[in-house]
Amino acid sequence: DVDDKHRCEYGRLCYLLGINFYDTDEPSFADRRLISAINIIADKNSSDKNLDTPKEDNEDDYEADGINNNSTTPIDIQYIHILADSYNYLGMLWTSRNEPKRSERYLRKAEEIYSYYKKCQDSEQGPKVTSERTIKRMEELHTLTTFYLAQVYGFLKLPVNAAQYCYLTLVRQLESKLDLNKFDWTSNCLQLAGFLLNEKHFATCEHFIAAAEYMLSGVEQEDQSSETYQSIVANLEMAKSRLYQEHLTSSKEYVMTEQSKTNEDFETILSTLSLTELPKTTIEPRSQLPSFVFPTDLLPVAAPKPFYYLRTFEEALSVFKKGKKAAENSLKYYVLDGFVTEHIANLENLSHMYKLIAFFEPDIDRKCAMQKRRADLLSSILNQLNVEIYSSTLKQISFELGEMYSDVWDLLYKRAKADIKNGKKSTPVNRINETALHSVKYLSRFVSLFEDSKTKQLKVEEENIPAYIRGRLMIARLYYHMTHNDTELLVRYLTASLKEYETIVEFAKKQNPEHLVGVQQEVDMAKQMIRLLPTKIKEERGLK
């Protein structure tokens with residue numbers, strides 16, 4: 001029909017004007033022209049009954065937007081790509097206006113148009129797109145639709161939907177092989193792997209990391225020296241280390257749960273643990289998700305294999321070694337000078353893995369050696385960061401170091417008490433005291449970071465109140481348990497302990513009771529110690 005042809009050409013002109021306005025940052029004009037293109041090209045006489053997709057849109061929404069013809073059927077199917085792309089552009093336009101819900105509506109309409117197009121192409125009867133260029137364009141446009149929907153669902157805080165459309169985009173890019181940017185594809189693949197990891201879909205996460213690694217292996221030699229390539233490789237290694245760390249974390253929680261079912265001492269359980277005592281158990285994901293697996297004809301990557309809880313030190317050590325290697329590989333690129341955030345993230349990940357493998361290690365001396373490695377990693381950067389800029393990071397690292405030395409002290413102190421009780425040679429007192437003072441040093445630095453450097457006024461953010469109280473409580477406890485033959489020095493330690501407990505109670509009095517939820521028990525303990533410590537100090541002085 002000549003009239004339909006002329007009408008569609010006029011619609012195409014409106015569409016091109018809309019794109020021009022969009023590209024030149026004239027969103028209002030772009031909006032109007034794109035809507036005009038839709039109203040002109042869409043077939044108002046079509047009922048869309050031939051479409052299987054459910055209708056979720058409200059007709060009134062489209063009328064309010066100025067779209068008086070929201071059919072998915074064009075009056076001439078050879079122009080269907082213009083109809084689909086007009087909705088794509090409207091989706092992008094309203095995303096930029098920070099209205100993701102409205103954007104979703106337009107993009108879902110573009111999705112419906114593609115479904116109608118595919119049904120027409122697969123049907124033996126009815127209209128079909130004949131132009132190879134338009135056929136290719138429709139596939140490109142639908143890939144863009146899935147990509148935009150992934151972003152929109154991210155803005156709408158619907159992570160499962162976002163992940164599903166991100167996966168569809170990755171698969172479509174592999175299928176089309178049209179202008180596939182290996183760097184972008186790999187980055188998006190790793191981003192989706194991160195989501196899967198957070199949902200404890202470890203097997204699928206590993207599958208996606210392997211897919212990203214395979215894609216990078218196809219990068220041309222001359223591109224491998226580029227900054228982009230090296231940063232993506234570093235991110236890939238970081239993703240690996242995070243996966244192995246989470247595997248260790250979940251396994252620790254599993255072993256602790258099993259240990260809580262018995263009355264045996266935990267170190268005894270770990271040292272006698274065997275494969276027959278703990279069943280081989282698959283790690284269950286946190287949520288149910290659609291199947292995210294790349295077809296082997298598109299990517300020769302192995303299908304996801306189940307992840308099992310680690311039950312012994314040997315099993316944990318194997319995973320730890322892989323995680324350690326990955327973190328160290330990432331650190332080769334993410335050096336402190338230039339990549340502070342990424343460098344620290346890698347160090348903290350590596351530190352946490354040392355903490356986890358130490359949990360599985362039954363020998364106390366080896367546990368302490370592993371914790372010492374953690375300390376060496378983190379303490380090396382404390383004096384290299386600007387306090388004004390990285391105050392939050394310094395607080396976190398200082399607290400972690402203090403807590404780590406406190407844990408080591410706890411191991412040594414308990415073993416010494418048990419050895420003395422059993423008449424064995426115990427850990428030297430000096431070593432135990434030095435460990436305690438190391439913890440005090442870092443915890444003291446932690447609490448001092450809440451003071452203004454100029455006014456010395458204390459300012460503890462609401463979310464940091466529990467950590468602040470626990471930090472001071474650890475200091476007080478360590479001072480209290482110091483052992484020394486010099487009575488005067490011992491009294492000084494006890495007095496320092498009393499002062500910390502008093503500081504905790506005074507601080508707690510000034511806080512909103514709601515902010516003390518979770519640490520009220522610690523505050524009550526401090527009050528009790530304030531009553532008991534003066535008597536103990538007097539007793540120690542009386543021995544002089």
Side-chain angles (χ1 to χ4, degrees), residues 147 150 154 159 162-163 166-171 173-174 177 180-250 289 292-296 298-305 307 318-354 356 377:
F147 177 71
C166 182
Y167 166 70
L168 288 173
T169 303
L170 293 173
V171 171
Q173 287 173 331
L174 290 173
K177 297 182 175 62
L180 177 62
N181 185 310
K182 291 185 171 74
F183 292 160
D184 288 345
W185 193 95
T186 303
S187 295
N188 290 327
C189 188
L190 289 176
Q191 187 175 356
L192 189 48
F195 165 76
L196 293 165
L197 181 61
N198 291 336
E199 296 301 309
K200 290 187 71 171
H201 283 262
F202 294 162
T204 314
C205 174
E206 185 179 50
H207 174 72
F208 271 70
I209 290 172
E213 195 163 27
Y214 178 83
M215 182 62 71
L216 279 182
S217 69
V219 172
E220 298 294 334
Q221 189 71 36
E222 59 267 25
D223 293 329
Q224 292 183 14
S225 59
S226 69
E227 195 76 14
T228 304
Y229 174 82
Q230 291 175 34
S231 67
I232 294 174
V233 169
N235 289 337
L236 175 70
E237 294 296 333
M238 193 186 293
K240 286 183 187 178
S241 70
R242 281 195 62 217
L243 172 61
Y244 297 131
Q245 184 223 299
E246 290 297 330
H247 191 186
L248 287 164
T249 300
S250 295
L289 294 175
F292 293 154
V293 180
F294 292 110
T296 53
L298 296 178
L299 271 184
V301 177
K305 296 177 182 177
F307 267 58
S318 174
V319 173
F320 167 79
K321 286 180 177 178
K322 290 189 286 187
K324 177 176 177 288
K325 181 181 179 181
E328 289 172 345
N329 285 340
S330 185
L331 281 167
K332 291 176 183 176
Y333 176 78
Y334 284 131
V335 294
L336 185 61
D337 185 15
F339 301 101
V340 175
T341 303
E342 293 85 355
H343 183 83
I344 291 172
N346 270 305
L347 282 185
E348 289 184 334
N349 191 34
L350 189 51
S351 165
H352 196 55
M353 283 190 284
Y354 270 110
L356 291 164
L377 281 171

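Minimum heavy-atom separation, R242 to G194: NH1-CA, 4.4 Å. The two residues A150 and C166 come nearest to each other via the heavy atoms CB-N, 3.6 Å. Here the closest non-hydrogen pair linking A162 and G154 is CB-N, 3.8 Å. Closest non-hydrogen pair, Q245 versus L356, comes out as O-CD1, 3.6 Å. Taking each heavy atom of I209 and A193 in turn, the nearest pair found is CG1-CB, 4.1 Å. The minimum heavy-atom distance linking Y244 with V319 is given by the pair O-CG1, 3.6 Å.
Enclosure of atom CD in Q191 is not indicated, since only 12 or fewer non-hydrogen atoms of other residues, nucleotides or ligands lie within 6.0 angstrom.
Taking the six-membered ring for Trp and the full ring otherwise, the centers of F147 and W185 sit at least 6.0 Å from each other.
L243 is listed as a side-chain neighbour of F307, based on a closest heavy-atom distance under 4.5 Å.
Using a 4.0 Å cut-off between a side-chain N of Lys or Arg and a carboxylate O of Asp or Glu, E237 and K325 do not qualify as a salt bridge.
Taking SG of C189 as the reference point, atom NZ of K182 lies at 14.0 Å (rounded to 0.5 Å). How far OG1 of T204 is from CZ of F292: 8.5 Å, rounded to the nearest 0.5 Å.
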Test side-chain contact (heavy atoms from CB on, under 4.5 Å) on L192 and F208 and set out the steps.
CA-CA 8 Å; L192 189 48; F208 271 70; 3.3 Å; yes

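Sorted by first and then second residue, the side chain to side chain donor-acceptor pair (under 3.5 Å) pairs with a member in residues 218-233 read E227-Y333; sequence neighbours excluded.
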